Amino acid sequence: MQTKTTPGAMLKAMREKPPLVQCITNYVAMNIAANVLLAAGASPAMVHAAEEAGEFAGIASALTINIGTLSTQWIDGMQAAAKTAASAGKPWVLDPVAHYATAFRRNAVADLLALHPTIIRGNASEIIALAGGESRGQGVDSRDPVEQAEGSARWLAERQRAVVAVTGAVDFVTDGERAVRIEGGSALMPQVTALGCSLTCLVGAFAATAPEDIFGATVAALSTFAIAGEDATLGAAGPGSFSWRFLDALAALDAETLDARARISAA
């Protein structure tokens, strides 16, 4: 049996046996998220309809839910898929995009949290607000630094019994007991639509590959994104050229390089 103890080992294992990841994400993110998973070595399925989302979750190896473009029908599909994934013991990831913006979004996220996501990934403002704090978020944009959300993330991880990832200039991951920071990425990443949403899908792919180590899988996904972001910056003239370079960098990244360059430190 192959040992999957490092980010590189998990990346290699994922490419050797690509997991099928059900991505219920927003209209803006569908294309880039699917391409990110393909470049990394996973198999995306953008299945969100209420009539089939629950059934499909029984087929997929992992589920990711992003509430970026909500509607009542989409919520029905999200809940059906999350219930199936939870009952089957499959990992599922919640991305609570701008959940604090409206009552509709707040209620949707509260119902999804009750279905016990395995991993919660968000920006600092989203995680602070999800833990009941006062954030400075505006729409989907975070106005809070990651370090300010670390206490909220620890509390939320303990309360939900989930791994919580706060992403930003320096990422933070905790399961309530362990915690690490991950450096890397590029200042151009926030200027490319839906890269954060795509990261949520990649977290699901790594979780499907190493369901026995959800904390390690989350760290591996964020480390992969960080190194690919660094490589994509080289030669990029702006967000447009960065976008396609990022996909190329992600596809070119190998296990040895990832393990050699990942900057993960205890927090």
Side-chain angles (χ1 to χ4, degrees), residues 20-39 42-57 60 62-85 91-115 117-130 135-144 164-168 189-205 207 221 225 239-240 243 246-247:
L20 177 62
V21 184
Q22 181 179 0
C23 305
I24 303 181
T25 192
N26 61 75
Y27 290 119
V28 178
M30 284 187 183
N31 182 265
I32 181 62
N35 283 334
V36 161
L37 286 195
L38 290 171
S43 178
M46 318 322 257
V47 178
H48 66 269
E51 292 82 0
E52 64 172 345
E55 182 180 358
F56 196 89
L63 166 71
T64 68
I65 294 178
N66 173 301
I67 69 161
T69 49
L70 274 183
S71 72
T72 300
Q73 284 192 325
W74 276 48
I75 290 173
D76 291 343
M78 291 172 180
Q79 291 180 347
K83 288 175 182 176
T84 297
W92 76 275
V93 188
L94 175 62
D95 188 340
V97 180
H99 66 90
Y100 45 73
T102 67
F104 184 55
R105 304 178 84 80
R106 289 192 295 272
N107 292 336
V109 164
D111 290 341
L112 289 168
L113 285 174
L115 297 174
T118 316
I119 303 163
I120 301 168
R121 192 223 61 93
N123 63 38
S125 294
E126 289 161 349
I127 297 303
I128 290 170
L130 207 59
S135 80
R136 296 185 297 162
Q138 179 174 318
V140 300
D141 296 326
S142 179
R143 299 294 180 91
D144 299 289
V164 176
V166 190
T167 53
M189 295 177 90
Q191 299 180 45
V192 179
T193 298
L195 271 193
C197 305
S198 302
L199 175 54
T200 295
C201 296
L202 188 64
V203 169
F225 232 63
S243 182
F246 179 77
L247 288 177

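No experiment lies behind these values; they were computed from the predicted model shown. Only heavy atoms go into these numbers, but all of them, side chains included; no hydrogens, no water, no symmetry mates.
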### Query
Looking only at heavy atoms, what is the nearest atom pair of Ile119 and Ala207, with distance?
CD1-CB, 4.0 Å
### Task
Please test Cys201 against Val36 for side chain to side chain contact (heavy atoms under 4.5 Å, CB included), starting from the C-alpha separation and ending with a verdict.
CA-CA 8 Å; Cys201 296; Val36 161; over 6 Å; no
### Message
To check you understand the geometry: which heavy-atom pair defines the closest contact between Gly204 and Ala62, and what is its length?
### Response
O-CB, 3.3 Å
### Query
How many angstroms lie between atom CG of Leu63 and atom CE of Met78, to the nearest 0.5 angstrom?
9.5 Å
## Note on the structure
For Pro44 and Leu38, the nearest pair of non-hydrogen atoms, with its separation, is CD-CD2, 3.6 Å
### Query
Do any N or O atoms from the side chain of Thr84 and from the backbone of Gly54 form a donor-acceptor pair under 3.5 angstrom?
yes
#### Entry: Straight-line distance of Leu195 CG to Thr200 OG1, nearest 0.5 Å
11.0 Å
### Task
Output yes when a side-chain donor or acceptor of Arg106 lies under 3.5 Å from a complementary backbone atom of His99, and no otherwise.
no
### Task
Give, for atom CG of Asp76 and atom OG1 of Thr72, the distance between the pair rounded to the nearest 0.5 Å.
7.0 Å
### Task
Kindly indicate whether the side chain of Leu20, heavy atoms from C-beta on, has any atom under 4.5 Å from the side chain of Phe56.
yes
### Message
Show the nearest heavy-atom pair for residues Ile75 and Ala108, with the distance to one decimal.
### Response
CD1-CB, 3.8 Å
### Task
Would you please test Thr64 and Thr25 for side chain to side chain contact (heavy atoms under 4.5 Å, CB included) and show each step?
CA-CA 8 Å; Thr64 68; Thr25 192; 5.7 Å; no
### Query
If you draw a 6.0 Å radius around CD in Gln73, do more than 12 non-hydrogen atoms from other residues or ligands fall strictly inside?
no
### Task
Could you grab the distance from atom CG of Leu112 to atom CH2 of Trp92, nearest 0.5 Å is fine?
5.0 Å
## Note on the structure
All heavy atoms of Pro91 vs all of Thr118, minimum pair found to be CA-OG1, 3.4 Å
### Query
For Thr167, does its backbone N or O pair with a side-chain atom of Arg121 as donor and acceptor, under 3.5 Å?
no
### side chain to side chain contact (heavy atoms under 4.5 Å, CB included) assessment of Ile120 paired with Glu126
CA-CA 10 Å; Ile120 301 168; Glu126 289 161 349; over 6 Å; no
### Query
Would you say Glu52's side chain and Val47's backbone share a donor-acceptor pair under 3.5 angstrom?
no
### Query
Closest approach of Arg105 and Ile67, non-hydrogen atoms and distance?
NH2-O, 2.7 Å
### Task
First locate atom CD1 of Ile24, then atom CG of Leu94, and finally report the distance between them rounded to the nearest 0.5 Å.
11.0 Å
### Message
How long is the straight-line distance from OG of Ser243 back to CD of Gln191, given to the nearest 0.5 Å?
### Response
12.0 Å
### Task
Could you check if a side-chain atom of Val192 sits within less than 4.5 angstrom of a side-chain atom of Ile32, using non-hydrogen atoms only?
no
### Task
Describe, in one word, how the ring planes of His48 and Tyr27 are oriented to each other, choosing from parallel (under 30°), tilted (30 to 60°) and perpendicular (over 60°).
perpendicular
### Task
State, yes or no, whether a side-chain contact exists between Phe104 and Leu70 at a heavy-atom distance under 4.5 Å.
yes
### Task
In sequence, state the C-alpha distance, the side-chain angles, and the governing distance for Cys197 and Asn26, and then conclude on side chain to side chain contact (heavy atoms under 4.5 Å, CB included).
CA-CA 8 Å; Cys197 305; Asn26 61 75; 3.5 Å; yes
